[in-house]
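Scroll down for the structure; my scribbles are underneath it.
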Amino acid sequence: MPTITTRKFIQTTGIVLAGLVLAACSKQEPAAPAASAPAAAPAAAKVYVVGTDAAYAPFESQNEKGEIVGFDIDVVKAVAQKAGIEVKFLNTPWEGIFNSVAQGDRDLLVSSITITPERQQTLDFSAPYFDAQQLIAVKSDSKIAKFDDLKKLKVGVQNGTTGDEVITKLQGKDSPNVKRFESTPLALKEMESGGVDAVVADNGVVVHYVNNNPNSKFKTLADSSFAAEQYGIAVKKGNTELLAKINQGLAGIREDGTYARIYAQYFGSAPVPAAAASK
Ligand code: ARG
């Protein structure tokens with residue numbers, strides 16, 4: 001009797017174990033070929049490289065551990081999960097960021113990039129994922145009241161951004177008073193030391209900086225002359241396959257409430273009012 005019981009036990013255990021192993025396997029992706037198999041890499045293992053200029057909080061920045069974090073990052077991670085693709089983020093200077101995707105060093109760009117007709121000539125964009133607008137930052141005691149007041153003043157911008165475009169249009173292409181910086185925080189730092197009279201950049205970033213740097217004593221000025229802007233995720237021109245996945249993921253996270261949850265986490269439940277930080 002004890003022999004039968006033991007055998008039965010082993011049989012039963014064996015079946016249960018086999019079942020568990022099968023269940024565990026079926027949850028996973030198809031197994032990758034063994035290490036000894038010929039070099040053909042499994043197509044499913046593709047990790048899309050996402051370029052971002054991580055000096056643009058709260059959209060993309062580096063935390064104390066050097067990890068790239070922010071609203072854009074969370075959105076793309078959620079999009080990727082929905083679309084069933086893998087992504088990794090690489091800090092990429094704004095200068096040259098568009099080239100990095102054209103040359104194939106990056107598959108995707110998420111960097112608070114405003115969709116513009118000019119950029120659409122060399123890149124393809126996803127559906128818009130965020131509404132933005134330019135916003136002016138000045139010292140709290142500044143007399144500057146509107147965008148037009150900046151005509152003859154020194155204005156700091158991040159080189160090659162839409163902020164650069166609007167002030168270049170106001171002052172003229174050859175104006176010596178447009179001060180172009182590698183990053184938006186550098187432009188804002190320069191205003192702290194008195195090197196520029198104003199900074200023009202995206203509202204979300206300006207509001208975030210002013211709120212988080214009370215010692216700088218800055219205030220913000222909205223201006224009705226600024227056009228509405230929309231951020232898009234960019235891919236190499238003609239990469240319709242990847243773009244379709246991104247758009248599908250984006251639609252998916254809008255539909256299931258993930259987008260709204262991420263948005264609320266960074267900006268509260270309502271869109272950022274352009275003059276939220278005016279004091
Ligand atoms: N939205 C602006 C533009 O497209 C500024 C974006 C800057 N982004 C950044 N991560 N530095 O020109």
Side-chain angles (χ1 to χ4, degrees), residues 49-63 66-77 87 89-102 105-106 108-137 147 155-170 178-191 198-210 212 220 222-223 225-235 237 263 266-267 271-272 274:
V49 180
V50 186
T52 187
D53 172 27
Y56 217 62
F59 297 96
E60 44 266 338
S61 61
Q62 276 182 292
N63 67 14
E67 299 156 340
I68 299 177
V69 296
F71 173 81
D72 280 359
I73 309 307
D74 288 353
V75 166
V76 169
K77 280 183 180 167
V87 290
F89 296 87
L90 280 189
N91 200 358
T92 308
W94 180 256
E95 189 181 347
I97 202 168
F98 299 143
N99 255 339
S100 75
V101 89
D105 296 334
R106 306 286 185 268
L108 285 167
L109 301 176
V110 72
S111 205
S112 310
I113 303 171
T114 302
I115 304 167
T116 68
E118 193 197 343
R119 290 170 182 172
Q120 279 171 321
Q121 291 180 1
T122 56
L123 298 164
D124 281 339
F125 284 94
S126 69
Y129 69 90
F130 193 83
D131 292 327
Q133 202 163 41
Q134 295 305 300
L135 189 64
I136 305 163
F147 184 55
V155 180
V157 291
Q158 182 172 12
N159 190 16
T161 57
T162 43
D164 185 353
E165 277 173 31
V166 293
I167 195 67
T168 301
K169 205 168 153 209
L170 181 77
V178 180
K179 307 290 179 194
R180 298 182 176 88
F181 296 85
E182 232 172 81
S183 78
T184 299
L186 280 177
L188 288 155
K189 278 260 163 290
E190 184 68 11
M191 184 156 73
V199 168
V200 180
D202 293 4
N203 54 340
V205 173
V206 172
V207 167
H208 184 268
Y209 189 94
V210 170
N212 287 282
T220 64
D223 193 288
S225 70
F226 293 135
E229 300 185 22
Q230 291 183 308
Y231 296 166
I233 299 165
V235 300
K237 191 135 198 81
Y263 190 100
Y266 284 89
F267 306 108
V272 187

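Atoms within each ligand, like the ligands themselves, are counted from 1 in listed order.
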Between Y129 and S112, the two heavy atoms sitting closest are OH-N, 3.7 Å
Show the nearest heavy-atom pair for residues P128 and Q230, with the distance to one decimal. CG-OE1, 3.4 Å
May I ask you to check whether F130 and Y266 place their ring centres under 6.0 Å from each other? no
Aromatic ring centroids of Y56 and F71 under 6.0 Å? no
Residue shell around ligand 1, heavy atom under 4.0 angstrom: D53, Y56, E60, W94, S111, S112, I113, T114, R119, Q158, T161, T162, D202, Y231
Tell me whether Q62 contacts the main-chain N or O of E67 through its side chain, where contact means a donor paired with an acceptor under 3.5 Å. no
Verify the distance criterion only: is there a donor paired with an acceptor across the side chains of T162 and R119 at less than 3.5 Å? no
